Amino acid sequence: MTELSDARLTHHLAQGAAEILKGIRNVGLLGGRNLGDAGDELAQSWISRVLDQHRPGDGFLSEEAADDLDRLSKERVWIVDPLDGTKEFATGRQDWAVHIALVENGVPIHAAVGLPDLGVVFDSSDVRAVGGPYARKIAVSRRRPPAIADAVAEALDFDLMPLGSAGAKAMHVLLGDCDAYVHSGGQYEWDQAAPVGVAKAAGLHCSRLDGSELTYNNRDTYIPDLLICRPELAEDILRVVNEKGH
C-alpha cells in the first residue's frame, strides 16, 4: 500500500467522505432526520477505519464518536466532523461541509474543508484567500445569528449573510463572498479546527472574539466564540466587540 503524506491523507479523507455523503443523498431513498443520521454514521465509520489503518498511533476526536481522552497524551490528534451542517445536508441545501484536521501540540498543521455540493475541497497545503474589494458582508449562523454580529455590521456598514455549516461560513470568507465570520454562543473543537486550519493557511485572521489564540485538543472541547476575517479588518472588528461586549 502506498504511504500517504499527512497532507494527502487529509485531503483524501475530506474528498472520500464527501463522495459517501453525496451518494447516499442523491440516491433518494432517505430523507429528513433519517438521511442526516445515516450521513453522520456512514461518513464517521469510513473516516475512522481509514485512520485506524493509516495512522493507528494518532489520537482522534470527532463529533460522532465517544471522546477517548487518551488523545490528551498524544502529540498528533485528528479532529473531525464528518458532516457539519446535518440539517442543511438533509434538506437539500448546499451550505454543509466535511471537516478534517490534524492537530499537533494544539495547532492544526494540516486541514481540509470539503464543500461537496460545490465540488471542492479546500486544503491547507494549497490555498489562498481572495482579495480585492470588500463584499461588505459578515457570515453568521443561519439559526442563531449572534447579537454582536449586528453591532459589528452596523459599525462597518456591512450586511449579515446567514449560512449553515461553520466550514461553509469560513470558506465563503476565503472565497471573498464575505469579509468576516463572527460567531458567539458556543461551538466545539470539531466545528472549528479544520476551518481555522484552512483559513489561517490562506492568510486570514483567526481568533477568539477577545483576540486570544485558538488551541485544540483540550480536555474541554467547548469553545465559546470565533472570528475569521480578512486580516486588515481584525483590529476594527475586535475593537467593536470589546466596546459592545458579547
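Residue numbers start at 1 and run along the sequence shown. Just so it is clear, the structure is predicted and the values come from calculations on it, not from any experiment.
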Residue list, ring-ring contact (aromatic ring centres under 6.0 Å, His included) with Trp78, at least two apart or on another chain: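 Partners of Trp78 under the ring-ring contact (aromatic ring centres under 6.0 Å, His included) test: none.
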[X] with [Y], same ILVMFWY side-chain cluster at under 4.5 Å:
X: Val103; Y: Val127; value: yes
X: Ile223; Y: Leu209; value: no
X: Val107; Y: Val77; value: no
X: Trp96; Y: Ile24; value: yes
X: Ile148; Y: Leu214; value: no

All N/O donor-acceptor pairs, side-chain side in residues 170-181, below 3.5 Å, sequence neighbours left out:
residue	atom	partner	partner atom	Å
His172	ND1	Asp177	OD2	2.8
Asp179	OD1	Ala135	N	3.0
Asp179	OD2	Ala135	N	3.2
Asp179	OD2	Arg136	N	2.5
Asp179	OD2	Lys137	N	3.2
Tyr181	OH	Gln187	NE2	2.9

Run the side-chain hydrogen bond (donor to acceptor under 3.5 Å, both in side chains) test against [X] and tell me which residues pass, sequence neighbours left out.
X: Arg128; answer: none
X: Glu64; answer: none
X: Arg33; answer: none

To the nearest 0.5 Å, how far apart are [atom1] in [X] and [atom2] in [Y]?
X: Gln15; Y: Ile20; atom1: CD; atom2: CD1; value: 11.5 Å
X: Leu35; Y: Asp40; atom1: CG; atom2: CG; value: 9.5 Å
X: Thr215; Y: Asn218; atom1: OG1; atom2: CG; value: 4.0 Å
X: Ile237; Y: Ile138; atom1: CD1; atom2: CD1; value: 5.5 Å
X: His110; Y: Ile100; atom1: NE2; atom2: CD1; value: 14.0 Å
X: Leu13; Y: His54; atom1: CG; atom2: NE2; value: 8.5 Å

Taking all heavy atoms of [X] and all of [Y], pick out the closest pair and write down the distance.
X: Ala14; Y: Gly114; result: CB-N, 4.4 Å
X: Val130; Y: Arg230; result: O-NH1, 4.4 Å
X: Gly57; Y: Lys74; result: O-NZ, 3.1 Å
X: Ala18; Y: Pro116; result: CB-CG, 3.5 Å
X: Thr10; Y: Ala111; result: CG2-C, 3.6 Å
X: Ala153; Y: Leu160; result: CB-CD2, 3.8 Å

Would you say [X]'s side chain and [Y]'s backbone share a donor-acceptor pair under 3.5 angstrom?
X: Ser124; Y: Val198; value: no
X: Glu189; Y: Asn217; value: yes
X: His99; Y: Leu83; value: no

Per the ring pair (Phe, Tyr, Trp, His ring centres under 6.0 Å) rule, what does the pair list look like for residues 190-226, sequence neighbours excluded?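 Of all non-adjacent pairs touching residues 190-226, those that pass ring pair (Phe, Tyr, Trp, His ring centres under 6.0 Å) are Tyr188-Trp190, Tyr188-Tyr222.
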So do the side chains of [X] and [Y] get within less than 4.5 Å of each other, counting heavy atoms only?
X: Val113; Y: Asp84; answer: no
X: Ile228; Y: Val196; answer: yes
X: Asp68; Y: Phe60; answer: no
X: Arg208; Y: Pro224; answer: yes
X: Ser207; Y: Leu227; answer: yes

Non-neighbouring partners of Glu104 that pass side chain to side chain contact (heavy atoms under 4.5 Å, CB included), sequence neighbours left out: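 Side chain to side chain contact (heavy atoms under 4.5 Å, CB included) list for Glu104, sorted by chain: Arg76, Ile109.
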What pairs with Pro145 under side chain to side chain contact (heavy atoms under 4.5 Å, CB included), at least two apart in sequence or on another chain?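 Partners of Pro145 under the side chain to side chain contact (heavy atoms under 4.5 Å, CB included) test: Val140.
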Got more than 12 heavy atoms from elsewhere within 6.0 Å of [atom1], [X]?
X: Glu243; atom1: CD; value: yes
X: Lys22; atom1: NZ; value: yes
X: Glu154; atom1: CD; value: no
X: Asn26; atom1: CG; value: yes

Is a side-chain donor-acceptor pair under 3.5 Å present for Gln44 with Ser62?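 The answer is yes; a qualifying pair exists.
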Hey, are His183 and Asp225 close enough side-chain-wise for a donor-acceptor pair under 3.5 Å?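 Asp225 vs His183: no donor-acceptor pair found between side chains.
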Name each donor-acceptor pair under 3.5 Å that joins a side chain in residues 45-52 to protein atoms two or more places apart or in another chain, with its distance.
residue	atom	partner	partner atom	Å
Ser45	OG	Arg49	NE	3.4

Could you list the residues that satisfy salt bridge (Lys or Arg N to Asp or Glu O under 4.0 Å) with Arg71, not counting sequence neighbours?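 Here the qualifying residues are Asp67.
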Report the residues that fulfil salt bridge (Lys or Arg N to Asp or Glu O under 4.0 Å) with Asp236, sequence neighbours left out, ordered by chain and then residue number.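 Testing Asp236 for salt bridge (Lys or Arg N to Asp or Glu O under 4.0 Å), a comparison that skips the adjacent residues, returns Arg239.
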Working for side chain to side chain contact (heavy atoms under 4.5 Å, CB included), residues Leu156 and Val152: CA-CA 6 Å; Leu156 299 180; Val152 172; 3.9 Å; yes
What I want to find out is whether Arg142 reaches Glu88 closely enough, with some N-O distance under 4.0 Å, to be called a salt bridge.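 Salt bridge: yes.
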Is the shortest side-chain N to carboxylate O distance from Glu3 to Arg55 below 4.0 Å?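 Yes, Glu3 and Arg55 are salt-bridged.
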How far apart are the C-alpha atoms of Arg93 and Lys87, what are their side-chain angles, what is the distance that settles it, and do they pass the side chain to side chain contact (heavy atoms under 4.5 Å, CB included) test? CA-CA 8 Å; Arg93 291 177 58 92; Lys87 289 183 179 177; over 6 Å; no
Apply the hydrophobic cluster definition, ILVMFWY joined by side-chain contacts under 4.5 Å directly or through others, and give me every member besides Met161.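 Same cluster as Met161: Leu163.
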